[in-house]
Number of protein chains: 4
Amino acid sequence: MARKPLTNPRKNASQNRSRATVDALIEATARILVREGFEKASTNRIAELAGVSVGSLYQYFPSKEALVAAVIDRHNQEIMRVVRAALAETIELPIEKAVRRLVAVAIEAHRIDPKLHPVLAEQIPRTGQLKDVEAFNREILSLVRAYLESRSELRKIDPELAAFACVSAIEAVAHNAVLNQADTLSDKMVRTLVDETTRMVVGYLR
Amino acid sequence: MARKPLTNPRKNASQNRSRATVDALIEATARILVREGFEKASTNRIAELAGVSVGSLYQYFPSKEALVAAVIDRHNQEIMRVVRAALAETIELPIEKAVRRLVAVAIEAHRIDPKLHPVLAEQIPRTGQLKDVEAFNREILSLVRAYLESRSELRKIDPELAAFACVSAIEAVAHNAVLNQADTLSDKMVRTLVDETTRMVVGYLR
Amino acid sequence: MARKPLTNPRKNASQNRSRATVDALIEATARILVREGFEKASTNRIAELAGVSVGSLYQYFPSKEALVAAVIDRHNQEIMRVVRAALAETIELPIEKAVRRLVAVAIEAHRIDPKLHPVLAEQIPRTGQLKDVEAFNREILSLVRAYLESRSELRKIDPELAAFACVSAIEAVAHNAVLNQADTLSDKMVRTLVDETTRMVVGYLR
Amino acid sequence: MARKPLTNPRKNASQNRSRATVDALIEATARILVREGFEKASTNRIAELAGVSVGSLYQYFPSKEALVAAVIDRHNQEIMRVVRAALAETIELPIEKAVRRLVAVAIEAHRIDPKLHPVLAEQIPRTGQLKDVEAFNREILSLVRAYLESRSELRKIDPELAAFACVSAIEAVAHNAVLNQADTLSDKMVRTLVDETTRMVVGYLR
DNA sequence: GATGAATGAGTTTTCATTCAT
DNA sequence: GATGAATGAAAACTCATTCAT
């Protein structure tokens with residue numbers, strides 16, 4: 001992805017410009033999807049908000065669907081980056097800390113453009129990206145499961161089910177916390193919520 | 001509202017006809033939303049599937065949005081009915097049974113047309129029904145909280161937060177169970193999942 | 001038109017009811033035409049304002065066009081009645097008084113539902129009532145012309161042209177007076193205007 | 001606004017194309033309004049007659065009403081141009097010639113697409129252009145009044161009323177001459193009519 | 001006769017996409 | 001490459017009219 005910056009300045013310039021246009025389009029699409037919903041998100045409007053012509057939009061994206069897919073992709077990448085980083089750190093921590101970290105990262109991940117979520121969720125089945133999301137979900141579940149299996153201090157339970165229950169619970173608390181109570185949720189309340197959720201999950205696993 | 005069938009036969013006939021038309025339209029809308037998404041749900045198609053003319057559609061619903069709002073309403077009513085009934089029974093049960101009942105009803109509620117959920121979710125902010133959903137959420141939270149406060153055998157925790165954590169956890173497990181794994185979820189697995197979730201929540205509360 | 005009132009009371013009752021319905025429909029149509037224009041004047045709306053069902057509307061008028069034609073007819077009748085009455089009186093008056101009377105009746109006639117005028121004007125060519133209006137115009141012109149010919153005190157001019165010029169001038173002053181300045185026209189101003197117009201026309205004819 | 005044709009050729013090209021499209025649409029609308037009335041003037045038909053797509057119509061006009069408003073505006077502009085030019089010349093002429101000129105220009109103005117007039121008249125109250133028309137009427141009245149005030153040879157009369165009466169009379173004769181008798185009006189008759197009307201008005205003013 | 005639910009052709013309007021400049 | 005005018009299929013919506021009750 002990173003090309004030699006000192007050579008090919010002309011080409012780089014235009015590559016940068018292209019990149020900037022693509023980014024602007026994705027960003028504009030995301031914004032309009034949030035503000036007005038999929039229905040009202042017309043390509044002309046998107047192009048206008050991105051500050052380019054419709055023609056240019058179609059230079060970079062073959063269809064509206066492709067644009068939306070790009071938004072989904074970008075959003076997924078961001079979430080995956082955050083979550084994967086956390087999971088990688090977590091693997092070595094003792095349960096208490098690990099769970100606390102998972103809860104925290106779940107909230108962090110849900111705070112990434114939370115209003116975009118439901119809009120994209122409806123489109124995912126239609127853009128063929130269900131596979132990606134499911135794969136990611138499986139990846140997380142399997143990492144958590146592996147972690148649980150590696151911890152001898154835990155009581156005997158089906159690690160598959162336990163992972164499922166834990167991940168669900170954590171994700172849900174994060175989801176509800178961010179989405180439903182977004183405005184009224186003070187930092188202190190978030191911390192308490194992290195404590196409680198951690199306690200619930202840890203209590204369950206031990 | 002319910003008139004004796006032998007009086008007002010004329011009016012009742014036409015009322016029934018109206019009612020049937022309205023129901024058919026809502027049903028058709030729900031079906032198309034599930035099958036093809038909001039985008040493809042054109043009023044002409046909806047009318048056709050409902051077996052009435054577009055004109056009739058607009059006789060009863062001033063816009064496509066109004067129709068979708070009606071679908072959301074109907075869906076919400078069904079869920080509320082199921083959940084309220086369960087909560088009413090639950091209030092007198094001991095914790096273990098109460099939680100088990102809540103988990104079960106959460107799954108039951110999520111099994112009501114689960115594919116409709118994400119489609120409606122996108123529309124709710126735009127149809128002005130957020131208030132309704134939020135009110136329902138608050139209602140549940142407050143009932144659960146009242147239950148927790150009434151139970152002396154529980155450890156000391158902020159009942160607000162505890163209720164929030166429990167309801168989130170339960171709801172999420174149900175949501176994930178029904179939505180993500182719908183096809184592969186055997187009855188036995190569901191039962192095990194109910195067990196696990198119950199254990200998690202009860203362990204947390206005691 | 002007047003049937004024996006004491007016999008056939010039943011039938012008369014229903015005839016009266018019919019008559020009332022027809023009148024209500026014509027009146028409702030006129031009102032809506034004024035308020036919202038031809039385009040927005042739907043038969044359903046008209047029926048509603050008239051307090052009857054659409055079905056009844058079509059019992060009495062075979063089409064929307066027929067309804068509008070009835071409105072035009074009623075309006076024309078009213079104007080004709082007023083104008084004819086005035087012309088009949090006028091024929092024997094000396095010029096000064098005759099002209100003054102014509103000016104007065106022109107204003108009176110234009111005050112009959114003045115906002116309805118432009119709306120009906122557009123429809124007249126399409127309802128086949130142009131003939132009626134033209135015939136009425138010719139009738140007036142010919143009466144005025146006959147009057148002018150009968151008055152020996154007038155200077156020699158082509159009575160056809162003179163009649164045309166006089167009627168036009170009178171009608172126009174009335175039209176502008178009523179339509180353009182409707183709100184701001186005090187009774188005193190109207191009287192002055194009648195004076196001026198009379199003077200103009202009389203001066204022209206002598 | 002007028003750019004040198006050799007600079008900005010690209011932009012000018014597209015500006016010209018736009019301008020041509022807009023003009024074609026206004027022209028097509030006017031034609032259809034005349035031929036078939038407001039009712040039958042559908043946007044698809046207008047676009048077709050203009051030789052462009054409906055999409056283009058809506059690129060330039062947000063609604064059918066806006067199109068009609070543009071037609072009204074164009075028509076008003078044309079009339080105003082003709083009338084203003086005549087009034088400017090008139091101001092220095094002696095009465096006889098001035099009145100003759102006004103009568104002539106009134107006829108000329110009414111000959112601009114006379115069938116369009118009644119159709120537009122109905123729409124004006126609904127397009128918010130009443131203000132424009134009224135302002136123009138006031139402008140004319142005030143110019144004529146100023147003229148009358150500047151002429152010492154006239155008898156003493158309220159110049160406001162005199163202007164009103166004269167303008168009305170002139171306008172009416174022109175209106176009736178053009179509209180009602182359009183087909184049968186020979187040039188000679190028109191000339192005689194101008195003579196007569198001039199005589200009437202001049203006689204009145206002296 | 002009266003009613004008003006139902007009809008569906010026809011209208012207005014939108015928007016993804018193309019293409020001449 | 002960029003532009004934005006143009007396209008036209010398809011969507012939302014209206015309304016004169018019919019007809020079962």
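Convention: sequence-line order gives letters A, B, ...; per-chain numbering from 1.
Heavy atoms of B/Ser42 sit under 4.0 angstrom from primed sugar atoms or phosphate atoms, though from no base atom. B/Ala47 comes within 4.0 angstrom of nothing in the nucleic acid, heavy atoms only. Backbone-only engagement by D/Ala41 is indicated by non-hydrogen atom pairs under 4.0 Å involving sugar-phosphate atoms exclusively.
Listed candidates were E/dA2, F/dT7, F/dG1. Nearest to the side chain of A/Tyr60 is F/dG1.
Rounding to the nearest 0.5 Å gives a distance of 10.5 Å between CG of A/Asp23 and CG of A/Asn16. The structure places CG of D/Leu33 at 6.5 Å from CG of D/Leu120, a figure rounded to the nearest 0.5 Å.
Looking at B/Ser63, its side chain does come within 3.5 Å of a backbone N or O of B/Ala66 through a donor-acceptor pair. Checking side-chain atoms of A/Gln123 against main-chain N and O of A/Ala69 turns up no donor-acceptor pair under 3.5 Å. Side-chain atoms of B/Thr29 come within 3.5 Å of backbone N or O of B/Leu25 as a donor-acceptor pair. Checked by atom type and distance alone, the side chain of A/Thr21 pairs as donor or acceptor with a backbone atom of A/Arg17 at under 3.5 Å.
Under the salt bridge (Lys or Arg N to Asp or Glu O under 4.0 Å) criterion, the residue pairs touching residues 43-69 of chain A are A/Glu36-A/Arg45, with sequence neighbours excluded. Pairs passing the ring pair (Phe, Tyr, Trp, His ring centres under 6.0 Å) check and including a residue from residues 47-77 of chain A, sequence neighbours excluded, read A/His75-A/His117.
Near DNA chain F, meaning a heavy atom under 4.0 Å from it, residues 25-40 of chain D has no residue at all.
Rounded to an integer number of Å, the gap from D/Phe61 CZ to E/dT14 P is 15 Å. Separating the CG atom of D/Leu57 from the P atom of E/dT12 is a distance of 9 Å, rounded to the nearest angstrom. Look at CD on A/Gln59: it is 18 Å from P on E/dA16, rounded to the nearest Å. Atom CD of D/Glu48 is separated from atom C1' of E/dT11 by 14 Å (rounded to the nearest Å).
For the pair C/Ser53 and E/dT3, the criterion of a side-chain N or O lying under 4.0 Å from OP1 or OP2 is met. In terms of phosphate contacts, C/Ser56 brings a side-chain nitrogen or oxygen within less than 4.0 Å of OP1 or OP2 of E/dT3.
End-to-end axis angle of the helix from E/dA2-F/dT21 to E/dT21-F/dA2, from C1' rotation axes over five pairs per end: 0° (rounded to 10 degrees).
Within 6.0 Å of the CZ atom in A/Arg31, the count of heavy atoms belonging to other residues, nucleotides or ligands does not exceed 12.
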Dump every N/O contact between nucleotides 17-19 of chain F and the protein below 3.5 Å, one line per pair.
from, atom 1, to, atom 2, distance (Å)
F/dT17, OP2, C/Tyr58, OH, 2.9
F/dT17, OP2, C/Lys64, N, 3.1

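For C/Arg126, the side-chain hydrogen bond (donor to acceptor under 3.5 Å, both in side chains) partners at least two apart in sequence or on another chain are C/Glu122.
The side chain to side chain contact (heavy atoms under 4.5 Å, CB included) with A/Leu57 is formed by just one residue from the set A/Val22, A/Leu67, A/Asn44; it is A/Leu67.
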